[in-house]
Protein chains: 2
Amino acid sequence: MVVRLALSNDEIDRLFRALADPTRRDIVRRTLIAEATVSELADHYAMSWAAVQKHVAVLEGAGLVSKHARGRERMVRGNPAQIQRAQALLDSYEQLWRARVDRLDALFADDA
Amino acid sequence: MVVRLALSNDEIDRLFRALADPTRRDIVRRTLIAEATVSELADHYAMSWAAVQKHVAVLEGAGLVSKHARGRERMVRGNPAQIQRAQALLDSYEQLWRARVDRLDALFADDA
DNA sequence: CTATTGTACAACCAAATGGTTGTACGACTT
DNA sequence: AAGTCGTACAACCATTTGGTTGTACAATAG
């Protein structure tokens, strides 16, 4: 599946920033496997409920998870599309390098 | 090309943290296309030389670029292998989600 | 030899981050 | 109706981050 939507510079910042924390990565992991409430998530970490709530908010701001109300609970769900956008981003960097290798190859081919 | 080497939690933190800044991403971009000295890089940004030098140090700490001495200059070169490690990481998250989809599919298949 | 260039690094500062506790409130339970 | 549960958010604090200027030094140029 190919991802199309482009991200602004700020969105990219938030995306990678959100991924640069082990607790947040673990929340993404868990919620990609199965959705969970903030309280359920908080049980797994050695920090206050409020701290976990903040991490979820950061992930939400980065588009990596979404929250859906269900009664008084908020179900947190991982968003694979945003992971794919990050992948697409990194892929574009790799392409730059490949292009450079190709240029160098062409140079040597000329020499031969 | 498949990347094997595993990264520690701290290394992953540093990797994504390093990518969460537009100046640093631009340095990665430039040095993947062609290596450059720190001074050459600094010319492109509206900040002091020292600030750019710090950004390069962060990228180096994250393994995204490497520096090689050449006379009094330090050539900065982007490291595609580290980009690929980041990709592999994100891919593992996407796999989790695919596994979940497969489980749900199996569930519905049982129902049918 | 002297001057200049490219680099490294320390000290400092403002803002952001990651954590805490406390308060508030709507939604279920009894 | 009263109590509890899950959530949200503000205020606060220590540390980290992203920038600055200033000093130092090795390599090259004149």
Side-chain angles (χ1 to χ4, degrees), chain A residues 8-31 34-79 86, chain B residues 8-31 34-78:
Chain A
S8 78
N9 234 12
D10 279 4
E11 286 168 328
I12 300 173
D13 288 1
R14 267 181 272 130
L15 178 50
F16 285 126
R17 192 94 195 42
L19 288 169
D21 180 284
T23 303
R24 287 199 291 260
R25 284 194 300 275
D26 197 64
I27 292 173
V28 169
R29 185 184 64 77
R30 291 194 126 93
T31 56
E35 59 178 12
T37 67
V38 182
S39 297
E40 283 168 356
L41 290 171
D43 289 341
H44 298 291
Y45 311 108
M47 67 185 72
S48 69
W49 183 90
V52 174
Q53 204 262 349
K54 275 198 192 180
H55 280 307
V56 172
V58 170
L59 289 169
E60 210 183 357
L64 282 164
V65 307
S66 55
K67 275 192 283 196
H68 309 271
R70 189 151 79 195
R72 68 180 154 183
E73 295 179 333
R74 303 303 151 101
M75 305 309 295
V76 181
R77 189 181 311 168
N79 177 13
Chain B
S8 78
N9 234 12
D10 279 4
E11 287 168 326
I12 301 173
D13 287 1
R14 267 180 273 130
L15 178 50
F16 285 126
R17 193 93 194 43
L19 288 169
D21 180 283
T23 304
R24 287 199 291 262
R25 283 195 301 274
D26 197 63
I27 292 173
V28 169
R29 186 184 65 76
R30 293 192 126 94
T31 58
E35 61 178 11
T37 67
V38 182
S39 297
E40 283 169 356
L41 290 171
D43 289 342
H44 297 292
Y45 312 107
M47 67 184 72
S48 70
W49 183 90
V52 174
Q53 204 260 351
K54 275 199 194 178
H55 280 308
V56 172
V58 170
L59 288 169
E60 209 184 356
L64 282 165
V65 306
S66 54
K67 273 193 286 197
H68 309 272
R70 190 152 78 193
R72 69 181 154 183
E73 295 180 332
R74 304 304 151 101
M75 304 309 295
V76 182
R77 189 182 309 168

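Values below: all heavy atoms of this structure, side chains included; hydrogens, waters and symmetry mates excluded. Lettering of chains follows the sequences in order, A, B, ..., and the numbering in each one begins at 1.
- Among the heavy atoms of the strands, none lies under 4.0 Å from B:Thr23.
- Between B:Arg30 and B:Asp26 a salt bridge is recorded (basic side-chain N to carboxylate O distance below 4.0 Å).
- Note on B:Ala50: a base of the nucleic acid sits closer than 4.0 angstrom, heavy atoms only.
- Side-chain atoms of A:Val76 and A:Leu41, non-hydrogen and from C-beta on, do get closer than 4.5 Å to each other.
- Between B:Met75 and A:Arg24, the residue anchored nearer the 5' end of DNA chain C, judged by the nucleotide with its closest heavy atom, is B:Met75.
- Atoms NE2 (A:His55) and C1' (D:dT7) sit 17 Å apart, rounded to a whole Å.
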Under 3.5 Å between N/O atoms: give me all the protein pairs with nucleotides 24-29 of chain C, atom names plus distance.
unit_1: C:dA27; atom_1: N3; unit_2: A:Arg72; atom_2: NH1; d: 3.4

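- Separating the CZ atom of A:Phe16 from the C1' atom of C:dA16 is a distance of 20 Å, rounded to the nearest angstrom.
- For B:Asp21, whose side chain is taken as the heavy atoms from C-beta onward, the closest listed nucleotide among D:dA8, D:dG18, C:dG18 is D:dG18.
- Atom P of nucleotide D:dG19 and atom CH2 of B:Trp49 are separated by 15 Å, given to the nearest angstrom.
- If you take CD of A:Gln53 and P of C:dG22, they are 18 Å apart, rounded to a whole angstrom.
- Nucleotide C:dG18 holds its P atom 12 Å from the CD1 atom of A:Ile27, rounded to whole Å.
- Take the nearest nucleotide of DNA chain D for A:Val38 and for A:Arg17: the residue whose nucleotide is more 5' is A:Val38.
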Using atom types as modelled, flag every donor-acceptor pair under 3.5 Å from a side chain in residues 67-75 of chain B to any protein atom, sequence neighbours excluded.
unit_1: B:His68; atom_1: NE2; unit_2: B:Ser66; atom_2: OG; d: 3.0

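- Per the geometry, CG belonging to A:Asp43 stands 10 Å off P belonging to D:dT7, to the nearest Å.
- Residue B:Glu73 places its side chain closer to C:dG6 than to any other of D:dT7, C:dA8, C:dG6.
- Distance CD (A:Glu60) to C1' (D:dT7): 12 Å, rounded to an integer number of Å.
- Contact annotation: the side chain of B:His55 approaches that of B:Met47 to within less than 4.5 Å [non-hydrogen atoms, C-beta and beyond].
- Each of D:dT20, C:dT17, C:dT21 was ranked by its minimum atom distance to the side chain of A:Ser48; first place goes to C:dT21.
- Ion pairing between a basic and an acidic side chain is recognised when a charged N comes within 4.0 Å of a carboxylate O; A:Arg25 and A:Asp21 show no such pairing.
- With rounding to whole Å, B:Lys67 atom NZ is found 11 Å from C:dG6 atom C1'.
- Where B:Ser39 and B:Lys54 each meet DNA chain C at their nearest nucleotide, the meeting point lying more 5' is that of B:Ser39.
- For residues 42-51 of chain A, no residue pair satisfies the salt bridge (charged side-chain N to carboxylate O under 4.0 Å, His left out) rule, not counting sequence neighbours.
- Under the 4.5 Å side-chain criterion, counting only non-hydrogen atoms from C-beta, A:Val58 is not in contact with A:Arg17.
- Applying the 4.0 Å criterion to OP1 and OP2 of D:dA8, one finds that A:Arg74 has a side-chain N or O inside that range.
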